[in-house]
Amino acid sequence: MQIDSQTLFEYLCDAPDAALIVHRMQDWLEAENRRRIEFYNEINESLKAEFINGDIVLHSPVTRAHSLAVSKISRWLGNYVEEKRLGEVHIEKALIRLTRNDYEPDICFFGNAKAKEFTADQKLFPPPDLVVEVLSPSTEKIDRGIKFHDYAAHDIAEYWIVDTNEKFVEQYVLRNGQYELVIRSRQNDLHADSVDGFVLPVRLLFEEI
């Protein structure tokens with residue numbers, strides 16, 4: 001069950017034991033942060049791993065359809081961003097650090113305002129401007145659940161969910177702090193909101209997949 005932050009805040013304001021609850025949460029989050037530091041020390045380039053609500057989540061190898069979808073989108077988007085000098089596109093192994101969790105999205109785009117601050121040896125990245133996740137049976141619940149809410153909470157402007165089984169793409173754009181579905185398409189072109197001028201040819205994406 002998801003509880004929005006405003007509702008939770010209002011509950012705590014009315015709770016007589018609010019100070020005790022906050023103190024317990026602080027202790028709990030400090031312990032979780034120690035596990036997070038251990039996660040940073042343990043991961044390496046051979047693992048696709050994420051830190052989600054205190055747990056280390058390891059991902060299994062992907063299917064051919066998943067790999068082809070990531071390859072096509074990253075190539076089209078990456079070539080366009082490079083040609084127009086709009087920023088940087090990263091694939092799978094860029095670990096984005098949010099306030100509590102760390103994710104390795106399938107594809108993410110950083111506009112110039114963020115990308116110009118990156119260093120050559122950077123390993124942890126800020127929230128991107130666009131995230132693309134390709135669904136798999138083991139990740140769909142996370143991609144549509146905690147990531148969906150976490151990405152919105154951290155002002156990631158745009159989120160695409162790609163389903164290679166049903167062959168459609170969903171485009172969500174952040175409006176008033178919440179993701180709004182703009183298009184759910186199997187054939188119609190997707191016009192990016194956060195990458196000026198980029199159009200994803202959805203029909204071509206699923207050819208040979």
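Numbering starts at 1 and runs along the sequence shown.
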Check for me whether Arg186 meets the cation-pi criterion with Phe168, that is, NZ or CZ under 6.0 Å from the six-membered ring centre and within 45 degrees of the ring axis. no

Determine yes or no for a side-chain-to-main-chain donor-acceptor pair under 3.5 angstrom, with [X] supplying the side chain and [Y] the backbone.
X: Lys72; Y: Ser67; result: no
X: Glu158; Y: Asp193; result: yes
X: Asp163; Y: Glu166; result: yes
X: Lys48; Y: Glu104; result: yes
X: His66; Y: Ser136; result: no

Assign the ring pair Phe39 / Phe51 to parallel, tilted or perpendicular, where the plane angle (0 to 90°) is split at 30° and 60°. tilted

Parallel, tilted or perpendicular: ring planes of Tyr159 versus Tyr179, cut at 30 and 60 degrees: tilted

Arg36 side, atom CZ; Leu29 side, atom CG - distance, nearest 0.5 Å: 10.5 Å

Given the rule in the salt bridge (Lys or Arg N to Asp or Glu O under 4.0 Å) test, do Lys147 and Glu133 qualify, once you have shown the distances and angles that lead to the verdict? CA-CA 10 Å; Lys147 284 187 177 182; Glu133 297 283 12; 3.0 Å; yes

Going by side chain to side chain contact (heavy atoms under 4.5 Å, CB included), Asn188 matches just one of Leu200, Val202, Ile183. Which one? Ile183

What I want to find out is whether Arg203 reaches Glu207 closely enough, with some N-O distance under 4.0 Å, to be called a salt bridge. yes

Note: Arg144-Glu170 ion pair, threshold 4.0 Å (strictly below): yes

Side chain to side chain contact (heavy atoms under 4.5 Å, CB included) involving Ala94 - partner list, sequence neighbours excluded: His90, Cys108, Phe125

